[in-house]
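See below for the structure under consideration.
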Amino acid sequence: MAKAPQNAISPTREEDYAEWYQQVVRAADMAETSPVRGCMVIKPWGYAFWENIQKNMDAMFKATGHSNAYFPLFIPKSYLEKEAEHVEGFAKECAVVTHHRLEAGPDGGLVPAGELEEPLIVRPTSETIIGALYAKWVQSYRDLPILINQWANVVRWELRTRLFLRTAEFLWQEGHTAHETEKEAWEETKLMLEVYREFVEDYLAMPVLTGSKTPNQRFPGAVETLCIEAMMQDRKALQAGTSHFLGQNFAKASGIIYQSREGKEEHAWTTSWGTSTRLIGGAIMTHGDDDGMIMPPRLAPNHVVILPIYRKDEEREASLAYAEGIAADLRKMDSPWGGKVQVLVDKRDMNAGEKGWEWVKKGMPVRVEVGPRDIEKNAVFVARRDKGPTETYGQGRDEFIQALPGVLKEMQDGLYAKALAFRQQHTRDIDDLGEFT
RNA sequence: CGGGGCGUAGCGCAGUCUGGCAGCGCGCCUGCUUUGGGAGCAGGAAGUCGGCGGUUCAAAUCCGCCCGCCCCGACCA
């Protein structure tokens with residue numbers, strides 16, 4: 001039997017944090033770089049995680065009165081020019097479309113042709129185009145508020161990219177609301193920050209600090225930017241979500257004007273708020289260890305993987321049947337957060353040790369091995385991803401099934417508590433900026 | 001965009017200084033044996049050595065230009 005290395009991931013967090021991060025993304029098979037510079041390919045395991053983020057966050061948006069819509073990928077250049085600070089903030093990182101077809105060139109290649117009268121910008125964010133539409137939609141105070149979110153991709157031509165944390169194209173949601181009064185818009189800004197805080201803490205198990213950005217770090221064009229910040233294991237902060245109070249800046253730039261109850265023309269008050277696939281990077285850097293990813297159970301693509309163990313063909317059938325039986329019973333169990341327990345039976349015919357490590361690296365919350373010895377005892381062999389690799393234990397089959405929802409809950413809470421303890425350990429108060437180093 | 005590093009098989013690399021048959025490990029394919037902590041044996045496939053040009057009998061190796069990637073910094077969801 002070959003000797004196993006100490007950790008699945010090399011280097012360790014201690015040795016080289018940036019490289020560790022890249023290795024985890026790769027070992028967990030969540031994403032990889034693409035032929036297009038700065039853009040990533042999100043692979044099924046990473047995308048399934050994102051889908052769960054979307055599904056659950058979207059439910060919170062709906063619960064707070066928002067609806068989804070979709071606006072165009074392209075923004076006319078002139079729209080971006082309407083808000084001075086906004087232009088300055090984004091102009092340097094925009095992809096620009098100047099032509100609308102390709103023609104055969106002299107040396108066999110294709111050359112752009114059909115120059116556009118007005119260049120189109122690939123949206124870096126959608127305030128300006130959505131503002132233009134809201135201007136049409138809003139006539140009266142009765143048309144307000146507008147509470148819309150969109151799930152989309154945006155492009156910011158970043159000079160230095162890292163998978164999930166900062167890519168040239170990324171997936172996100174952007175909420176855009178318009179209100180009758182300043183007070184309402186402010187309440188919306190704070191409400192959505194609270195939604196983000198709740199989601200990131202309760203679902204992703206990442207403790208965050210809320211606050212407002214300095215004028216320098218404020219969203220270009222915003223009056224105020226609120227944010228949630230989480231501490232990563234390199235003790236650096238990661239901005240995990242922002243909620244902007246835009247005042248009347250964009251309403252003025254886009255002409256979002258309504259007739260008030262008093263019959264006067266007024267500019268609307270707007271907000272925007274966003275979170276992105278960066279949340280995935282944050283979860284990796286918050287929970288991951290030197291064996292790879294640790295998925296927060298509440299958003300994990302699956303809660304449990306069952307690995308049938310066998311030597312001979314007869315054993316194979318028995319193990320598979322036993323595994324499927326457990327899976328069927330597990331799927332009847334309620335997950336602690338609504339819905340049922342999500343179970344995967346990994347039937348692939350490969351070395352059991354290697355198969356097990358694959359799931360360790362992917363961060364599957366619970367791993368269960370079932371083989372002839374377990375069948376005999378009507379038992380299972382359990383490994384929790386939040387425990388050390390040797391802290392595995394045997395358990396009666398039915399006992400395991402009944403206990404599982406509680407175990408998932410315990411893991412979720414444990415991940416949060418651990419991250420919070422880490423943050424507290426590495427936090428100290430300072431009284432003036434001079435102490436900040 | 002500033003500083004540093006690197007481009008050789010899918011991945012990780014040696015070979016470059018000192019020019020002379022394209023190599024190693026992992027992975028992949030086939031077969032058998034295996035499978036409860038990362039498999040073993042045997043056989044096999046796979047490379048315009050980042051690109052273009054130059055020097056030379058001969059270039060992965062020397063020279064010039066270009067392209068790309070990674071890390072640190074600044075900037076950002």
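Each chain gets a letter, A, B and so on, in the order its sequence line appears, and its residues count up from 1.
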If the P atom of G5(B) is compared with that of G10(B), how far apart are they to the nearest Å?
27 Å

Electrostatic pair K77(A)-E81(A), nearest N-O below 4.0 angstrom: yes

Is the distance between the ring centroids of W45(A) and W359(A) under 6.0 Å? yes

- C1' atoms of C1(B) and G44(B), separation to the nearest Å: 49 Å

Margin query: Using the C1' atom as the point on both nucleotides, what is the distance between G15(B) and G23(B), in whole Å?
Written below: 8 Å

Picking from G68(B), U34(B), G38(B), the nucleotide nearest the side-chain atoms of D349(A) would be U34(B)

Which value, in whole Å, describes the distance between the C1' atoms of nucleotides U61(B) and G50(B)? 15 Å

Q.
With a 3.5 Å cut-off and heavy atoms only, can you find an N or O donor on one side and an acceptor on the other between the side chain of R156(A) and the base of C76(B)?
A. no

In whole angstroms, the gap separating P of C71(B) from CG of L163(A) amounts to 9 Å

- Message: I'd like the C1' distance from A22(B) over to A46(B), given in whole Å.
- Response: 13 Å

task: Would you tell me whether R13(A) and Q233(A) have side-chain atoms, one donor and one acceptor, within less than 3.5 Å of each other?
output: yes

| Taking NZ, NE, NH1 and NH2 as the nitrogens, is one of them in R316(A) or E314(A) under 4.0 Å from a carboxylate oxygen of the other? | no

Roughly how far apart, to the nearest Å, are G51(B) and G47(B) at atom C1'? 16 Å

